Colleague: 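Could you have a look at this structure, given as structure tokens, before my questions?
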Amino acid sequence: DTEVTQTPKHLVMGMTNKKSLKCEQHMGHRAMYWYKQKAKKPPELMFVYSYEKLSINESVPSRFSPECPNSSLLNLHLHALQPEDSALYLCASSQDHRHFSDTGELFFGEGSRLTVL
Amino acid sequence: RKEVEQDPGPFNVPEGATVAFNCTYSNSASQSFFWYRQDCRKEPKLLMSVYSSGNEDGRFTAQLNRASQYISLLIRDSKLSDSATYLCVVVRNRDDKIIFGKGTRLHILP
């Protein structure tokens with residue numbers, strides 16, 4: 001079982017809804033990531049938080065808004081999404097970003113499968 | 001040219017056979033290389049790191065060829081449970097960006 005917990009596992013929302021995806025880890029990791037994965041495609045990096053500060057934003061549209069309330073939690077706030085935003089959203093964590101670069105140890109949650117109608 | 005390229009497959013291989021696949025990368029300044037495994041509708045998981053000297057873990061061997069800019073994964077005595085998508089991961093030197101390849105699908109046939 002993964003030590004990164006994501007909720008909800010499934011989410012269906014309309015284009016005018018506001019919803020949030022949540023991610024939690026208690027491994028003491030200081031880097032947390034949001035990835036988006038479409039079917040039969042690799043994960044695409046969206047955001048990286050390092051020591052609770054946003055360090056990378058891969059030019060993600062503003063309808064996706066990340067938040068890191070503390071070192072264990074990572075949220076992704078969703079507003080006015082489009083049907084093409086339907087995908088699996090994966091949260092991941094690593095000891096810190098440099099540690100990942102050295103060891104490749106990136107721990108993924110099971111993902112939140114989002115459908116936008 | 002894409003920064004990280006993999007043959008998408010699928011590779012259909014009988015149980016017990018040896019299978020190998022490569023991943024090429026375009027940025028010679030790439031610094032770290034890994035193989036991840038992703039089962040259908042599951043999250044990716046680290047399989048192994050890749051070093052210039054080669055890295056072996058049981059039936060799995062990973063190698064890095066910096067001169068030709070590719071990494072490889074060899075699976076010996078393949079098992080049904082090896083069926084998965086294998087993702088090549090490259091970390092770019094200048095900004096530590098993590099780049100996933102599109103993955104190679106492997107089906108082990110009974």
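The sequence lines fix the lettering, A, B, ..., with proteins before strands; numbering per chain opens at 1. Here the structure is a predicted model, which means the values were calculated and not measured.
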Colleague: Taking all heavy atoms of A/L90 and all of B/P44, pick out the closest pair and write down the distance.
Modeller: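 Here A/L90 and B/P44 meet closest at CD1-CD, 4.0 Å.
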
Colleague: Which atoms of A/E44 come close to chain B, meaning under 4.5 Å heavy atom to heavy atom: side chain ones, backbone ones, both, or neither?
Modeller: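 Neither part, no heavy atoms under 4.5 Å.
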
Colleague: Under 4.5 Å between side-chain heavy atoms, counting indirect links through other Ile/Leu/Val/Met/Phe/Trp/Tyr residues: same cluster for B/F60 and B/L106 or not?
Modeller: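 As far as the 4.5 Å side-chain criterion goes, B/L106 and B/F60 are connected within one cluster.
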
Colleague: By a 4.5 Å heavy-atom criterion (distance strictly below it), what part of B/F34 contacts chain A: side chain, backbone, both, or neither?
Modeller: side chain

Colleague: Tell me whether A/L78 is reachable from A/Y49 by hopping between hydrophobic residues (I, L, V, M, F, W, Y) whose side-chain heavy atoms are closer than 4.5 Å.
Modeller: yes

Colleague: Please round to the nearest 0.5 Å and tell me the distance separating atom CD of A/E110 and atom NZ of B/K42.
Modeller: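 That separation rounds to 5.5 Å.
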
Colleague: Using side-chain heavy atoms (C-beta onward) and a distance below 4.5 Å, is A/P42 in contact with B/V4?
Modeller: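 Answer no - side chains too far apart.
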
Colleague: What about B/Y70 and B/V50, same hydrophobic cluster or not, with Ile/Leu/Val/Met/Phe/Trp/Tyr joined at side-chain heavy-atom distances under 4.5 Å?
Modeller: no

Colleague: Is it the case that over 12 heavy atoms from other parts of the model lie below 6.0 angstrom from the NZ atom of A/K18?
Modeller: no

Colleague: Side-chain heavy atoms under 4.5 angstrom apart, residues restricted to Ile, Leu, Val, Met, Phe, Trp, Tyr: same cluster for B/F33 and B/Y51?
Modeller: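 Different hydrophobic clusters.
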
Colleague: Search all heavy atoms of A/T103 against all heavy atoms of B/L46 and return the closest pair with its distance.
Modeller: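 For A/T103 and B/L46, the tightest heavy-atom pair comes out as O-CD2, 3.9 Å.
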
Colleague: Given a strict heavy-atom distance threshold of 4.5 Å, which part of A/Y35 is in contact with chain B: side chain, backbone, both, or neither?
Modeller: side chain

Colleague: CE of A/M27: more than 12 outside heavy atoms within 6.0 angstrom?
Modeller: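 Buried by this count: over 12 neighbours within 6.0 Å.
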
Colleague: So which of B/L87, B/V91, B/I98 has the largest heavy-atom pair count under 4.5 angstrom toward chain A?
Modeller: B/I98

Colleague: Is there a path of hydrophobic side-chain contacts, each under 4.5 Å between heavy atoms, that joins A/Y89 and A/M32?
Modeller: yes

Colleague: To the nearest 0.5 Å, what is the distance between CZ on A/F108 and OH on B/Y36?
Modeller: 6.0 Å

Colleague: Heavy-atom distance under 4.5 Å to chain A: side chain of B/Q6, backbone, both or neither?
Modeller: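 For B/Q6, neither part sits under 4.5 Å from chain A.
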
Colleague: Can you tell me how far NZ of A/K40 sits from CZ of B/R105, rounded to the nearest 0.5 angstrom?
Modeller: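 Between B/R105 CZ and A/K40 NZ, I get 5.0 Å after rounding to 0.5 Å.
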
